[in-house]
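Side chains included, hydrogens not; waters and symmetry mates left out as well; all remaining heavy atoms used. By convention in this document, chain letters (A, B, ...) are assigned in the order of the sequence lines, proteins followed by strands, and residues within each chain are numbered from 1.
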2 protein chains.
Amino acid sequence: MLRLSTKGQYGVRAMYEIARGYPDEPVTIRSISEKQDVSIPYLEQILNKLRHAGLIRSIKGPGGGYVLQRAPEEITIADILFELEGPVAITSCLDPSEGCIRVERCVTHLLWKSLGKQIEDFLNTITLKDLLSGKSYKDFANIINKKKRMAGV
Amino acid sequence: MLRLSTKGQYGVRAMYEIARGYPDEPVTIRSISEKQDVSIPYLEQILNKLRHAGLIRSIKGPGGGYVLQRAPEEITIADILFELEGPVAITSCLDPSEGCIRVERCVTHLLWKSLGKQIEDFLNTITLKDLLSGKSYKDFANIINKKKRMAGV
DNA sequence: AAATACCTTACTAATTTTGTCAAGTATTTT
DNA sequence: AAAATACTTGACAAAATTAGTAAGGTATTT
């Protein structure tokens, strides 16, 4: 349950490759394709969205490729996934573009909203830099929990 | 992104109705259908799974219906969703039934695993009793954060 | 025996996902 | 100027999943 589509997954992996070239080495689509085992046409579709969102820009011609528009520590996983898959919406009625017609009597509305918030907090906290620095499983949990403690939750 | 299927959503809402009758009032499928706006055949499919999982049992004949097998505080949202939608698996390679062929070189593996763990912790913490007692949005967040603090995370 | 209520399997329409394909446009190097 | 490299766009379609419906049972109580 709660699976992420391949677009989101590949998008994050593509951004990881582009981040590795930051700040001065443009990364070609071919090189991303080879390193991450994703077809070039599919990557084009994905990178196109990320470019329109202002997360990356492209440099044409020989020697060109993609580069980050912001530093790796300034780009979160949420930034990437949001562009490729839209907002976290555990249920359709929690999608801002749809809306709920039975909020009042829906006993689970707040439950899903709260779960969505937990997920968003996590995704907003982890950045490309965390990915680059090879964080461990425990590290990721600590990053988010530490942040919450500091926020006084 | 990360949407729950209707089976999972309806399943939780159905369990909520059955929990309202706990411990001595069997809840008919018809009554669940009317209160939660879900068709009877679809509910049968859902309740069948929950029954096989031992979360509920059915009483046949007039005056019959469904009743919880355990107290509301002993049944978590994770118990319900796991039966209806399988384990939390952000990516297919994190699904226990599939497995990952590139764990070593996958830079996002631990990220998704960690996110999955956050979600599971949340779902394992909230029970039917929390739903019955009409918890607020903030309440849900507090339940899980308090638990984590106590665990010394 | 009649009414109530659950039980099971099969099927299918709709939607979403996961890509491919074809035909471009833009830039740099030689 | 030409060639090579690289990105850009929109349309299309197979495959998988979701979200149910339909039909024909079986079991229990009154």
Along DNA chain C, 5' to 3', what are the outermost nucleotides having an atom less than 4.0 Å from a heavy atom of chain A?
dT18(C) to dT28(C)
Which residue lies toward the 5' end of DNA chain C, Ile40(A) or Gly61(A), if each is placed at its nearest nucleotide?
Ile40(A)
Nearest whole Å is fine: how far is dT18(D) C1' from Tyr10(B) OH?
11 Å
Selection: residues 76-86 of chain A, any non-hydrogen atom under 4.0 Å of DNA chain C
none
What is the distance, rounded to the nearest whole Å, between atom CZ of Arg3(B) and atom C1' of dT17(D)?
14 Å
Set of residues satisfying salt bridge (Lys or Arg N to Asp or Glu O under 4.0 Å) with respect to Lys146(A), sequence neighbours excluded:
none
Evaluate the ring planes of Phe122(B) and Phe140(B), with Trp represented by its six-membered ring, and classify them as parallel (under 30°), tilted (30 to 60°) or perpendicular (over 60°).
tilted
How many whole angstroms separate atom CD of Gln9(B) from atom C1' of dG20(D)?
14 Å
When we call it a touch if two heavy atoms are under 4.0 Å apart, what does Ile29(A) touch: a base, just sugar-phosphate, or nothing?
sugar-phosphate
Is the backbone N or O of Leu110(A) less than 3.5 Å from a side-chain atom of Ser114(A), with the two atoms forming a donor-acceptor pair by type?
no
Round to the nearest Å and state the distance from Tyr42(A) atom OH to dA14(D) atom P.
17 Å
Counting just side-chain N and O atoms, does Thr6(B) come under 4.0 Å of either OP1 or OP2 of dG20(D)?
yes
When you measure from the side chain of Asp130(A) to the backbone of Thr127(A), do you find a donor-acceptor pair of N or O atoms at a distance under 3.5 Å?
yes
Given dC7(D), dT26(D), dT9(D), the nucleotide with the shortest approach to the side chain of Tyr66(A):
dC7(D)
Minimum-distance nucleotide to Pro41(B) side chain [options: dT8(D), dA22(D), dA27(D)]:
dA22(D)
Would you say Ser33(B)'s side chain and Val38(B)'s backbone share a donor-acceptor pair under 3.5 angstrom?
yes
State whether the side chain of Glu85(B) and the backbone N or O of Gly8(B) hold a donor-acceptor pair below 3.5 Å, judged by distance alone.
yes
Distance check needed: dT9(D) P versus Lys49(A) NZ, whole Å only.
13 Å
Listed by chain and number, what are the side-chain contact (heavy atoms from CB on, under 4.5 Å) partners of Ile59(B), not counting sequence neighbours?
Pro26(B), Arg57(B), Val67(B)
At under 4.0 Å between heavy atoms, what does Arg30(B) touch on the DNA or RNA strands: base, sugar-phosphate, or nothing?
nothing
Lys7(B) NZ to dG20(D) P, in whole Å, measures 10 Å
Reading DNA chain D from 5' onward, which residue's closest nucleotide shows up sooner: Leu47(A) or Pro62(B)?
Leu47(A)
Quickly work out the Glu44(A) CD to dG10(D) C1' distance and round it to whole Å.
12 Å
Rounded (10°) bend between the five-pair end axes of the helix from dA1(C)-dT30(D) to dT30(C)-dA1(D)
10°
Check whether any side-chain N or O of Arg13(B) sits under 3.5 Å from a backbone N or O of Gln36(B) as a donor-acceptor pair, and report yes or no.
yes
Which pairs count as salt bridge (charged side-chain N to carboxylate O under 4.0 Å, His left out) when at least one residue sits in residues 58-72 of chain B, sequence neighbours excluded?
Arg70(B)-Asp79(B)
Testing dT9(D), dT29(D), dT18(D) for proximity to the side chain of Ser5(B), the answer is dT18(D)
Donor-acceptor pair, distance only, cut-off 3.5 Å: does the side chain of Asn124(A) make one with the backbone of Glu120(A)?
yes
Can you give me the closest heavy-atom contact between Val88(A) and Gly116(A), atom names plus distance?
CG1-CA, 3.9 Å
Check whether any side-chain nitrogen or oxygen of Arg51(A) sits under 4.0 Å from OP1 or OP2 of dT9(D), and answer yes or no.
yes
What is the distance, rounded to the nearest whole Å, between atom CG of Asn48(B) and atom C1' of dA27(D)?
14 Å
Can you get from Leu111(A) to Ile143(B) by hopping between Ile, Leu, Val, Met, Phe, Trp and Tyr side chains that sit under 4.5 Å apart?
yes
